[in-house]
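Order of the sequence lines fixes the chain letters, A, B, ..., with proteins taken first and strands second; residue numbering starts at 1 for each chain.
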Amino acid sequence: MRETLQLLVQAAVDQLIASGAFPADVRNLIEISDTKNPDHGDYACNFALVASKKIGQPPRKIGEMLAETLLADVDSPFEAIDIAGPGFLNLRLKPAFVAGFLVDILKAGAELPAARLSSSPSLGKINVEFVSVNPNGPITVGSGRGAAFGDALVRVFRAAGYDVDPEYYINDGVNSQQMRLFAESVKSYALSEPFPENGYKGEYVKDVATDVAAKFPTEDLASKEVGWWQARSQELMIERQRSDLATFGVAFNNWFSEQSMHDSGLVTESLEKLKANGSADDECYRAEVVRDGKEEHLEQKPEEAGPLWLRSTKFGDDKDRVLLRSNGRPAYIAGDVAYMESKLGQRKYDKAFIILGPDHHGYIPRMNAVCKALGYPAEKFEIIIFQIVRFLKEGKPAPMRKRDGNIYELRDLIDEIGANAAPSATKEEQQRVGRDVARFFYLMRSHDTHMDFDIDLATKQSDENPVFYVQYAHARICSVLNRAAESGFVINAESVKPEVYELLTHPRELALIKKTMDLPMEVARCAKDYGVHRLTTYAVELARSYHHFYDACRVIQADQPELTKARIAVCQAVAIGLKATFELLGISAPERMDREAPAPVANTES
RNA sequence: GCGCUCGUAGCUCAGUGGAUAGAGCAUCAGCUUGCGGAGCUGAGGGUCGAAGGUUCGAGUCCUUUCGAGCGCGCCA
């Protein structure tokens, strides 16, 4: 709807440019924005303010010229255009123009998020890597934020017209010391051997040990080397991660193995490429950016001979990085180099994203350097950092280090919420509820802000979670539509004559239609700045707008069949909008919700 | 020390450079002979950490500063 208005204003401005009234360089300054105050009309345009200087006229004068041009057409959708305040154009729309968008919504259906005038078939092929937990631990509630965010972003990118591959990077390098220690820990549990120093503790390690023993009952486990244990432990751990993520509603197209690049020779090839283009060498120095006050300069420090250096300082990093250690073993970043080559070179993605937690923000300069060193444009690679989640249990920060045995897993969170919100439901139903609440909770906050996750609040008081508010709106619509169908009202985009929509004149009806039509714009914005959390706000606003409408406008009225049809169309449109939004957030759209007594809580009051 | 991120109501958080800064929770007061009351209506609650700057206009952009979190390996 804004896009339509924008084009109308654009046409008017172009007309004034053609007539010589405005200079040509003002034609890109048009923006259509919301009005917070209903006195300010349906939408506002600040063109007169921003163009004032270039046109050399006072804003109100420009506003008058523009308003006159816009209102000249008898078919104009504007009921009135006021010039207010310092020079805002307050656009007041004819109700029939607003109501007419219902047809577009009903025709678009599930494609509503992608329904933009300027959308093209495909904007490119992109890769989004996220979660990528090392295969020595489970998916924690901390990783849950990255999972919820990354998955929602993937869904938004798809709706925005990209061809997206979500990908999980498996850190399965056989030379990893961490993985070796993990395998030794599993082995010691399985065989009741002495526990390795700084080994991995926790129930999940015992689970893996038990599973290995159960899976290979006839093997002589005691005689197996650590490498054997590492392969099996890792496989079981990845399977557990995959299963937990599936429960959370997250599915990856690719599970990409680090080791596969060592095996295939891609790592070696990629390093050769860097050496050939001068980005890597084994000279005996290390470069580092040194800051002296505000000045900075590159300093070369002598080093022992041996390692192969990535001269990442040439590409904006603050230090050179070791690719091959003095002993010839590849450093971790060698895998990253090959992985970049795999994505941008071999697989030819137009862009590769990596979504990382805040503890990895130091990787940004070096990974950008890797991208450039391999000869790819900087725009083809981007790291998105989400901020830390602090988990509170009983009012205190809940530690969840991977070696203290006290891990709060994502699956635990899902189960706890579900068990509390729907105590007598089936396991599957509980997991659906737990997933919906947890995802919504994670996504309510901007990925770029620190957040507190009060575990007790999310479980014990999950009844108050706004996710139920938005889902209830959907269930309520379904109930009304069912009732309408029983009364013989069956509506689709073709069956209602346009004149019927002119019956929709109530402010809450029109506000509801406008809000539903905002979805494509919201999706476009999210795809641009990755702020997918706005979709939760949007869902709440759309649900609220529906509840307002429901409160003021009775839908089914036997004595007013035409109005009833029109309002059913409104309900259907909102159902489409809500369901599409839920789909983007990865939560379900229940058609009915039955209240259930909350789980009994131990009474600790005296 | 250097770098990244954040600071908005009692709490958790929204907020396209725009008009009188919003929501949920919590607190208080109301609403139903009709489509689902998991709803609706209203009230109280704010020096947008602080100080400068940019401009018609700053919670939003820039600089400085205070506070909080995180990161700075020939680990992965």
Identify which nucleotide among B/C35, B/C70, B/G24 has an atom closest to any side-chain atom of A/Y550, counting heavy atoms from C-beta outward.
B/C35
Could you tell me the separation between the CG atom of A/D529 and the C1' atom of B/C61, rounded to a whole number of Å?
16 Å
Would you mind classifying the nucleic acid contact of A/M179 as base, sugar-phosphate or nothing, using non-hydrogen atoms under 4.0 angstrom?
nothing
Any salt bridge linking A/E541 with A/R544? Criterion: basic side-chain nitrogen under 4.0 Å from a carboxylate oxygen.
no
Looking at A/H533, does any N or O in its side chain come under 4.0 Å of the phosphate oxygens OP1/OP2 on B/G15?
yes
Mate of B/C35 across any strand shown (Watson-Crick or G-U wobble, both atom pairs under 3.5 Å) is none
If we take the C1' atom in both B/U8 and B/G49, what is their distance in whole Å?
10 Å
Of all the choices, B/C35, B/G37, B/C70, which nucleotide is nearest to the side chain of A/P358 once you look at every atom?
B/C70
Looking for any heavy atom pair under 4.0 Å, which part of the strands does A/S479 touch: base, sugar-phosphate only, or nothing?
base
Does the pair A/D281/A/R311 count as a salt bridge with the N-to-O cut at 4.0 Å?
yes
With a 4.0 Å cut-off on heavy atoms, is A/V50 in touch with a base, just the backbone sugar-phosphate, or nothing at all?
base
Complement of B/U47, any strand, by Watson-Crick or G-U distances under 3.5 angstrom:
none
Distance, P atom - from B/C48 to B/G10, rounded to whole angstrom:
13 Å
State, without any angle test, whether A/T449 and A/S446 hold a side-chain donor-acceptor pair at a distance under 3.5 Å.
no
Looking at every strand, decide which applies to A/C553 at a 4.0 Å heavy-atom threshold: base, sugar-phosphate, or nothing.
base
Any side-chain N or O of A/R476 below 4.0 angstrom from OP1/OP2 of B/G37?
yes
With a 3.5 Å cut-off and heavy atoms only, can you find an N or O donor on one side and an acceptor on the other between the side chain of A/S52 and the base of B/C56?
no
Once hydrogens and angles are ignored, does a donor-acceptor distance under 3.5 Å link the base of B/U5 to the side chain of A/H450?
yes
Does A/R325 have a side-chain nitrogen or oxygen under 4.0 Å from the phosphate oxygens OP1 or OP2 of B/C75?
yes
Starting at CZ of A/R554 and ending at P of B/G37, how long is that distance when rounded to a whole Å?
11 Å
Taking only N and O in the side chain of A/Y546, is any of them less than 4.0 Å away from OP1 or OP2 of B/G39?
no
When you compare B/C56 with B/U64, how far apart are their P atoms, in angstrom units rounded to a whole number?
25 Å
Kindly say whether, by distance alone, the side chain of A/R2 makes a donor-acceptor pair under 3.5 Å with the base of B/U16?
yes
Hey, is A/R432 close enough to A/E429 for a salt bridge, meaning N to O under 4.0 Å?
yes
What interatomic distance, in whole Å, is found between C1' of B/G30 and the corresponding atom of B/C66?
45 Å
Using Watson-Crick geometry (N1-N3 plus N6-O4 or O6-N4) or G-U wobble (N1-O2, O6-N3), each under 3.5 Å, B/C6 is paired with B/G67
Between B/G24 (P) and A/L542 (CG): distance, integer Å:
16 Å
Quick one: does A/F440's side chain get under 4.5 Å of A/V470's, heavy atoms only?
yes
Counting only distance, no hydrogens or angles, is the base of B/G71 paired donor-acceptor with the side chain of A/H360 under 3.5 Å?
no
For the side chain of A/H40, counting heavy atoms from C-beta on, which of B/U16, B/A19, B/G37 is nearest?
B/A19
Side-chain atoms of A/R544 come closest, of B/C40, B/A38, B/G18, to B/C40
Ignoring hydrogens and angles, are the base of B/U20 and the side chain of A/N37 linked by a donor-acceptor pair under 3.5 Å?
yes
Partner nucleotide of B/G73 by Watson-Crick or wobble geometry (both distances under 3.5 Å):
none
If you check every side-chain atom of A/Y469, which of B/C35, B/C56, B/G39 has the closest atom?
B/G39
Could you tell me whether A/D320 contacts a base, only the sugar-phosphate backbone, or nothing, with contacts defined as non-hydrogen atoms closer than 4.0 Å?
nothing
Interatomic distance at P, B/G46 relative to B/A23, whole Å
15 Å
P atom, B/C25 versus B/C40: distance in rounded Å?
9 Å
Need one value for A/S326: base, sugar-phosphate or nothing, where a base atom within 4.0 Å counts as base even if backbone is also close, heavy atoms only.
base
Can you tell me how far P in B/U16 sits from the matching atom in B/G22, rounded to whole Å?
14 Å
Does B/A29 have a Watson-Crick or wobble mate here (both distances under 3.5 Å), and if so which one?
B/U41
Please work out if A/A473 contacts a base, only the sugar-phosphate, or nothing of the nucleic acid, heavy-atom cut-off 4.0 Å.
nothing
No-H, no-angle donor-acceptor pair, A/N90 side chain to B/A19 base, under 3.5 Å:
yes
Pi-cation contact, A/F453 with A/R390 (under 6.0 Å, within 45°)
no
Distance check, P atoms only: B/C72 and B/A14, in whole angstrom units.
26 Å
Roughly, in whole Å, what's the span from CG in A/L49 to P in B/G18?
12 Å
Need to verify one output field. Residue with the more 5' nearest nucleotide on RNA chain B, A/G531 or A/E303?
A/G531
Are more than 12 heavy atoms, taken from residues, nucleotides or ligands other than A/R325, located less than 6.0 Å from that residue's CZ atom?
yes
Phosphate contact (B/G36 OP1 or OP2) by A/R483 side-chain N/O below 4.0 Å:
yes
Apply the test salt bridge (charged side-chain N to carboxylate O under 4.0 Å, His left out) to residues A/R2 and A/D518: give CA-CA distance (whole Å), side-chain angles for both, the deciding distance (0.1 Å), then the verdict.
CA-CA 8 Å; A/R2 291 157 201 260; A/D518 274 345; 2.9 Å; yes
Name the nucleic acid region contacted by A/R534, choosing base, sugar-phosphate or nothing; use a 4.0 angstrom heavy-atom cut-off, strictly under.
sugar-phosphate
Nucleotide of B/A19, B/U16, B/G71 approaching A/T35 most closely (side-chain heavy atoms)
B/A19
Atom CG of A/D39 to atom C1' of B/A19: distance rounded to whole Å?
11 Å
Atom CZ of A/R390 to atom C1' of B/C6: distance rounded to whole Å?
13 Å
Across every strand shown, the nucleotide meeting Watson-Crick or G-U wobble geometry with B/A58 (both distances under 3.5 Å) is none
Test for a donor-acceptor pair under 3.5 Å between the base of B/G18 and the side chain of A/N46, counting only N and O atoms.
yes
A/H361 has its side chain closest, among B/G39, B/C13, B/C4, to B/C4
In whole Å, I'd like the distance from the CG atom of A/D448 to the C1' atom of B/C13.
14 Å
State the pairing partner of B/G24; accept Watson-Crick or G-U wobble contacts with both distances under 3.5 Å, and report none otherwise.
B/C11
A/A84 has a side chain; which of B/C74, B/G36, B/A19 sits nearest to it?
B/A19
Could you state the NZ-P distance from A/K319 to B/G3, rounded to the nearest angstrom?
14 Å
Where the side chain of A/Y472 is concerned, which of B/C74, B/A19, B/G39 is the nearest nucleotide?
B/G39
Does the distance from a Lys or Arg side-chain N to an Asp or Glu carboxylate O, for A/E303 and A/K301, drop under 4.0 Å?
no
Quick check on A/E591: does its CD atom have over 12 non-hydrogen neighbours (other residues, nucleotides or ligands) under 6.0 Å away?
no
